[in-house]
*Asks:* 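There's a structure below that I have some questions on.
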Protein chains: 2
Amino acid sequence: MSARDVRTREEAMMPNLAEVAQRAKVSTATASLVLSGKDVGRVSRATAKRVLRAATEIGYVRNALAAGMRSGRTSCLGVVAEGVLSTPYAVDMIKAVLTAAAEHGWSVILNDTGDEGQRAHEAVQEMLSRQVDHVIQAAMYHRRVDVPSDLPDVVVLNGFADRPGVPCVVPDETRAAFEATEHLIALGHTRIAHITDTSGVVAVGLRLRGYRDALEAHAIAYDERRVIRGGDAPEQADASARRLLALRPRPTAVFCFNDGMAAGVYRQAYRAGLRIPEDLSVVGFDDLTLISTNLDPGLTTMRLPHYEMADWLTRAVINDGPGGLHSGITRMPCRMVHRGSTAPPLTA
Amino acid sequence: MSARDVRTREEAMMPNLAEVAQRAKVSTATASLVLSGKDVGRVSRATAKRVLRAATEIGYVRNALAAGMRSGRTSCLGVVAEGVLSTPYAVDMIKAVLTAAAEHGWSVILNDTGDEGQRAHEAVQEMLSRQVDHVIQAAMYHRRVDVPSDLPDVVVLNGFADRPGVPCVVPDETRAAFEATEHLIALGHTRIAHITDTSGVVAVGLRLRGYRDALEAHAIAYDERRVIRGGDAPEQADASARRLLALRPRPTAVFCFNDGMAAGVYRQAYRAGLRIPEDLSVVGFDDLTLISTNLDPGLTTMRLPHYEMADWLTRAVINDGPGGLHSGITRMPCRMVHRGSTAPPLTA
DNA sequence: CTGAAAGCGCTTACAG
DNA sequence: CTGAAAGCGCTTACAG
């Protein structure tokens, strides 16, 4: 074959290592050593300088494909996201992965398999084919994740694996719900309702647990009638909110499973002529700023640690590899963002 | 060197083409032909079957690095995003790129250089090093994009290049603003205000143009006092909205530069005791559903064609290459989403 | 401190 | 219809 058979680097004016070596009058071995920073104590400073200058002069860019094939390491991270980009909730995770990876000089191959998670197998094959060093499997919300068995170096972000031995990181839902509820208790509330979801997502149980634990810790009786279950969409959030406001005696505070449900409470409270926070304190969950900052007053809510989880996991994987990680579930704390939707009860 | 020097496919139990060929009792040339689908009329059906069976039996996954190096094509798309993941506005573009690429069997290397766009050069070097076939440069909002000169096969998504010869795609802002305004005119409004941005982003001028054109097309006098300029944050949106409501005679409708500003109008209208849409019709822009569906009533707004732009561009690049594209600006239409925040004026 | 040479796993003209 | 062999651009023991 000739140089014309394929779209060569030469055609695209991409010089290769041999040309750098030739120009610097050294072997490709020496040039490689210098250009990959492995030259200390092995190549004289003068030679190294010559190589670097030559590389700069002809605009050398190393072919990562060739390097990866020879060395067996690609400095490439595969991210198999399951619908992460379909939600505004979790995009921060991708952002964190990209940022942390870039800081380490790593690249990221991203594949979002969509809400169904159907294309997951294909995505994994693709990652293997591209020889990524590690795979991060990211879930759009805290849930159980099916981890392909043919994937050795895998970790799970925002979910837990269906098999043991896989490092996972999730938000500490129960603790967050405990703190949110305790915040309301500290303000003097005792009739605290909880609006939650009808779906079976794990966070529902974990946050309910935190809510109950907080009540119990402060000797407030748990009243099942104050736990309202409804859907996620705006109309369903409205329905839940109406049921909340119909409770007698009316709760003076509500802890909502997410910000969308809190938005429903705002809409119905205004329609009923109630003031927030004077007549009703509201705490949300997620901190979708598009919702929380556009409500009036701004919504006090628990921020999910999407960025922190992804940042931590990415750095850990790059620095230690999945093997260096605790092979189990790591829980990360959520932080409460105070904006003005809570106050002491008027009756206090 | 020996097989133990590097982390080989053997260690990871990754069979290579030679093993497939050996098992199928053919040469690697024949195996390669079959496994890359180039065997029609070149390899007998029986031989092809043997190869495919052998590959399946030993769980062969082709090494895309080696294939890419030899063939000069990687079926890999580089996406240099400039803060796209930092905004809820434009994530749909990434989603569309990933989906379209996956459908063609392409992988995507994603790099978000953050809001500043500082790391753009590094990102480009990275892409070149990884030998991506094409690069898509994506902007977080419609704006001028500095396209690195050392990047031959590049196209711009949601922006326009600073140099000629680069295919670009952007939303048709002027037409969208024209249609939004015309919708209000068709309902019978004549006192139509426009709340816009103080920043110098290009969309400000383009949408103002569409607003003015629509008024002119329907012989409604343009009144500069009805164009209110303010910032983007909730408090600034509130300030703009207050100025709107202080106008005398009060406009019966308002076309907002974005949904966040429309949310400010809702807040202030409610505080002033005005009903939407009876007393004031509101049209937004962007269709951030977290805002538009959580307002009461739901916000009628122009949806930006982020998904469509990215989908179209990705398919075009993969199928034709950047060279096959119109080397200039392509404008894509926005679609109006009707939700109930507009109605005929009461005085009509 | 430096270089010659092997080899990563594939694809591709080319010869038969 | 099939195979032998070259070569993509690197990195890495190894020899000197």
Side-chain angles (χ1 to χ4, degrees), chain A residues 1-12 14-22 24-51 55 60-75 128-131, chain B residues 1-12 14-22 24-51 55 60-75 128-131:
Chain A
M1 63 160 285
S2 78
R4 235 129 260 103
D5 294 330
V6 293
R7 190 177 130 233
T8 60
R9 315 194 100 207
E10 216 166 338
E11 278 181 71
M14 298 276 279
N16 61 20
L17 187 64
E19 293 169 60
V20 174
Q22 190 178 21
K25 302 204 194 307
V26 296
S27 68
T28 58
T30 300
S32 172
L33 249 26
V34 172
L35 292 173
S36 51
K38 294 175 186 157
D39 56 323
V40 275
R42 307 231 265 148
V43 178
S44 74
R45 290 182 58 89
T47 307
K49 263 191 186 166
R50 265 204 338 275
V51 171
Y60 172 72
V61 178
R62 157 198 198 197
N63 184 328
L65 257 43
M69 184 160 55
R70 180 58 177 80
S71 70
R73 277 164 292 104
T74 52
S75 296
L128 289 174
S129 169
R130 302 268 175 199
Q131 314 295 116
Chain B
M1 62 158 286
S2 78
R4 234 128 262 101
D5 294 330
V6 293
R7 190 178 129 232
T8 59
R9 316 194 98 205
E10 216 168 340
E11 279 179 69
M14 298 276 279
N16 62 18
L17 187 64
E19 293 168 61
V20 174
Q22 191 177 21
K25 302 205 193 307
V26 296
S27 69
T28 58
T30 299
S32 172
L33 249 25
V34 172
L35 292 172
S36 51
K38 294 174 187 158
D39 56 323
V40 275
R42 307 232 264 150
V43 179
S44 73
R45 291 182 57 89
T47 307
K49 263 190 185 167
R50 267 207 332 278
V51 171
Y60 172 73
V61 178
R62 156 197 198 200
N63 185 329
L65 257 43
M69 184 160 55
R70 180 58 178 79
S71 69
R73 277 164 293 106
T74 51
S75 296
L128 288 175
S129 169
R130 303 269 176 198
Q131 312 296 115

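Convention: sequence-line order gives letters A, B, ...; per-chain numbering from 1. Everything numeric here is computed off the predicted structure, so don't read it as measured data.
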*Asks:* Considering all heavy atoms of both residues, which atom of A:M14 and which atom of A:V61 are nearest to each other, and what is their separation?
*Replies:*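 A:M14 and A:V61 have their closest heavy atoms at CE-CB, 4.5 Å.
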*Asks:* Contact class for A:S32 vs. all strands (heavy atom < 4.0 Å): base, sugar-phosphate, or nothing?
*Replies:* base
*Asks:* D:dC10 phosphate, OP1 or OP2: any side-chain N/O from A:T28 under 4.0 angstrom?
*Replies:* no
*Asks:* Under 4.0 Å: is that the gap between some side-chain N or O of A:R42 and OP1 or OP2 of D:dT12?
*Replies:* no
*Asks:* Rounding to a whole Å, what distance do you find between B:N63:CG and C:dC8:P?
*Replies:* 12 Å
*Asks:* Atom CG in A:L65, atom CZ in A:R70: separation rounded to 0.5 Å?
*Replies:*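 One finds 15.5 Å between CG of A:L65 and CZ of A:R70.
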*Asks:* What is the separation between atom NZ on B:K49 and atom P on D:dC1, rounded to the nearest whole Å?
*Replies:* 15 Å
*Asks:* Please give me the minimum heavy-atom distance between A:T47 and A:S44, naming the atom from each residue.
*Replies:* OG1-OG, 2.7 Å
*Asks:* Please determine if a side-chain N or O atom of B:R62 lies less than 4.0 Å away from the OP1 or OP2 oxygen of C:dT11.
*Replies:* yes
*Asks:* Whole angstrom is fine here: how far is it from CZ in A:R45 over to P in C:dT2?
*Replies:* 13 Å
*Asks:* To the nearest angstrom, how far is A:R130 atom CZ from C:dC8 atom P?
*Replies:* 22 Å
*Asks:* Counting distance only, does the side-chain N/O of A:S129 pair as donor-acceptor with the main-chain N or O of B:R62 below 3.5 Å?
*Replies:* yes
*Asks:* Which pair of non-hydrogen atoms, one from A:A21 and one from A:A31, has the smallest distance, and what is that distance?
*Replies:*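 Smallest interatomic distance, heavy atoms only, reads CB-CB, 4.1 Å.
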*Asks:* Would you tell me if any nitrogen or oxygen in the side chain of B:N16 comes within less than 4.0 Å of OP1 or OP2 on C:dG9?
*Replies:* yes
*Asks:* Is B:S71 near enough to D:dC8 that one of its side-chain N or O atoms lies under 4.0 angstrom from OP1 or OP2?
*Replies:* no
*Asks:* Please report the closest heavy-atom contact between A:R50 and A:V26, naming both atoms and the distance.
*Replies:*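 Smallest heavy-atom distance, with atoms named: NH2-CG1, 3.5 Å.
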*Asks:* For A:M14 and D:dG9, give me the distance from atom CE to atom P, rounded to whole Å.
*Replies:*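 Roughly 10 Å, once rounded to whole Å.
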*Asks:* Mapping B:V26 and A:K38 to their closest nucleotides on DNA chain D, which lands nearer the 5' end?
*Replies:* B:V26
*Asks:* The side chain of A:A67 is closest to which nucleotide in this list: C:dG9, D:dT11, C:dC10?
*Replies:* D:dT11
*Asks:* To the nearest Å, how far apart are A:M69 CE and D:dC10 P?
*Replies:* 11 Å
*Asks:* Here's a test of your reading of the structure: between B:T30 and B:L65, which maps to the more 5' nucleotide of DNA chain C?
*Replies:* B:L65
*Asks:* Which whole-number value in Å describes the distance from B:K25 NZ to D:dG3 P?
*Replies:*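 Distance check: B:K25 NZ to D:dG3 P gives 12 Å.
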*Asks:* Tell me whether the side-chain N/O atoms of B:S44 come closer than 4.0 Å to OP1 or OP2 in D:dT2.
*Replies:*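 For D:dT2, OP1/OP2 do have a side-chain N/O of B:S44 under 4.0 Å.
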*Asks:* Are there runs of at least three consecutive Watson-Crick or G-U pairs touching DNA chain D, with each pair's two distances under 3.5 angstrom? Give them by first number.
*Replies:* C:1-3 with D:14-16, C:5-12 with D:5-12, C:14-16 with D:1-3
*Asks:* For C:dC10, does either OP1 or OP2 sit under 4.0 Å from a side-chain N or O belonging to B:R73?
*Replies:* no
*Asks:* Remember a base hit wins even if backbone is also touched, and classify A:A29 as base, sugar-phosphate or nothing at under 4.0 Å, heavy atoms.
*Replies:*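 Base contact - A:A29 has a heavy atom under 4.0 Å of at least one base atom.
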*Asks:* How many Å lie between CG on A:L33 and C1' on C:dA4, as a whole number?
*Replies:*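 After rounding, the reported distance stands at 14 Å.
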*Asks:* Shortest non-hydrogen contact from B:V20 to B:V51?
*Replies:* CG1-O, 3.8 Å
*Asks:* Go through the structure and list residues passing side-chain contact (heavy atoms from CB on, under 4.5 Å) with B:K49, not counting sequence neighbours.
*Replies:* none
